[in-house]
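No hydrogens, no waters, no symmetry mates; every other heavy atom, side chains included, goes into these values. Numbering of ligands and ligand atoms starts at 1, following listing order. Being a predicted model, the structure only gives us computed values, none of them experimental.
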Amino acid sequence: MKTYLATIVASAFLAAGSLAAADAKAIYVKDCQKCHGADGKGQTTMGKKLKVKDWTDAQVQSKFTDEEAIKTIKEGKKEGDKTRMKAYKDLYSDQEVKDLVAYIRKFAKK
Ligand code: HEC
């Protein structure tokens with residue numbers, strides 16, 4: 001069902017002619033939203049528990065560079081032995097990771 005929904009979202013965006021955004025959005029909805037929230041604020045059950053940052057806050061966004069964001073997505077986030085966010089490097093290509101960062105950046109520009 002989740003894959004099905006992601007496909008619908010992807011096709012809708014494909015129709016709008018924005019390939020990169022479509023991929024990033026589909027990935028975000030499928031893999032990131034449960035912690036970081038549909039609106040990037042992280043106000044989900046998981047997001048609150050893990051205290052993820054509010055990406056609509058420009059100050060928060062200015063605290064990490066694109067390179068750091070890419071690294072976090074690829075390597076994940078750990079605190080001691082505990083995984084806070086898993087590594088996505090085996091799931092997504094470099095281009096997809098870059099598109100995800102661009103997608104995340106848009107949350108602050110509203
Ligand atoms: C299990 C919950 C969870 C999921 C799922 C998750 N993240 Fe995270 N993410 C976190 C946590 C926790 C942090 C660290 C926040 C901190 O250090 O305060 C983080 C940090 C980040 C950061 C670094 C910038 C920041 O806010 O600290 C980026 C970029 C990021 N996540 C992107 C993603 C992307 C893209 C996905 C989907 C592919 C994703 N995350 C999925 C929990 C998650």
Side-chain angles (χ1 to χ4, degrees):
M1 186 61 187
K2 270 190 185 155
T3 323
Y4 179 63
L5 278 176
T7 312
I8 293 179
V9 170
S11 341
F13 272 78
L14 277 177
S18 161
L19 185 68
D23 288 349
K25 175 155 187 168
I27 293 172
Y28 188 86
V29 168
K30 183 163 79 70
D31 279 343
C32 320
Q33 188 166 294
K34 58 180 176 280
C35 289
H36 291 288
D39 55 4
K41 290 187 177 177
Q43 290 301 305
T44 61
T45 308
M46 295 256 275
K48 282 186 199 159
K49 210 172 104 189
L50 291 163
K51 296 192 173 62
V52 300
K53 293 166 195 157
D54 177 358
W55 288 337
T56 61
D57 184 338
Q59 283 237 305
V60 167
Q61 290 256 1
S62 71
K63 290 213 173 79
F64 58 89
T65 62
D66 286 0
E67 284 68 34
E68 283 163 352
I70 288 169
K71 190 170 177 258
T72 301
I73 299 169
K74 286 188 172 178
E75 311 290 330
K77 275 255 175 188
K78 281 198 171 180
E79 205 174 78
D81 310 331
K82 268 179 63 193
T83 301
R84 292 188 15 98
M85 177 176 143
K86 74 171 192 176
Y88 288 94
K89 63 172 178 292
D90 296 333
L91 277 168
Y92 303 124
S93 68
D94 283 358
Q95 188 58 51
E96 284 168 330
V97 171
K98 266 195 208 158
D99 292 343
L100 278 168
V101 174
Y103 187 81
I104 289 166
R105 290 297 189 201
K106 282 197 220 139
F107 287 121
K109 291 178 197 149
K110 272 190 207 140

Trainee: Side chain to side chain contact (heavy atoms under 4.5 Å, CB included) with Tyr88: which of Leu100, Ile27, Asp31?
Mentor: Asp31
Trainee: N or O contacts of ligand 1 with protein under 3.5 Å, please list pair by pair.
Mentor:
from     : atom 1 : to    : atom 2 : distance (Å)
ligand 1 : 7 (N)  : His36 : NE2    : 2.8
ligand 1 : 9 (N)  : His36 : NE2    : 2.8
ligand 1 : 26 (O) : Trp55 : NE1    : 2.8
ligand 1 : 27 (O) : Lys53 : NZ     : 3.1
ligand 1 : 31 (N) : His36 : NE2    : 3.0
ligand 1 : 40 (N) : His36 : NE2    : 2.8

Trainee: Which is it for Lys74 and Asp94 under the salt bridge (Lys or Arg N to Asp or Glu O under 4.0 Å) test, yes or no, and what are the steps along the way?
Mentor: CA-CA 9 Å; Lys74 286 188 172 178; Asp94 283 358; 2.8 Å; yes
Trainee: Kindly compute the distance separating CE (Met85) from CD (Glu79), expressed to the nearest 0.5 Å.
Mentor: 14.5 Å
Trainee: Look at the aromatic rings of His36 and Trp55 and report parallel, tilted or perpendicular, splitting at 30° and 60°.
Mentor: parallel
Trainee: Working note: Val101 + Lys98, criterion side-chain contact (heavy atoms from CB on, under 4.5 Å); need CA distance, chi angles, decisive distance, verdict.
Mentor: CA-CA 5 Å; Val101 174; Lys98 266 195 208 158; 5.8 Å; no
Trainee: Mark yes when over 12 heavy atoms from residues, nucleotides or ligands other than Lys89 sit less than 6.0 Å from its NZ; otherwise mark no.
Mentor: yes
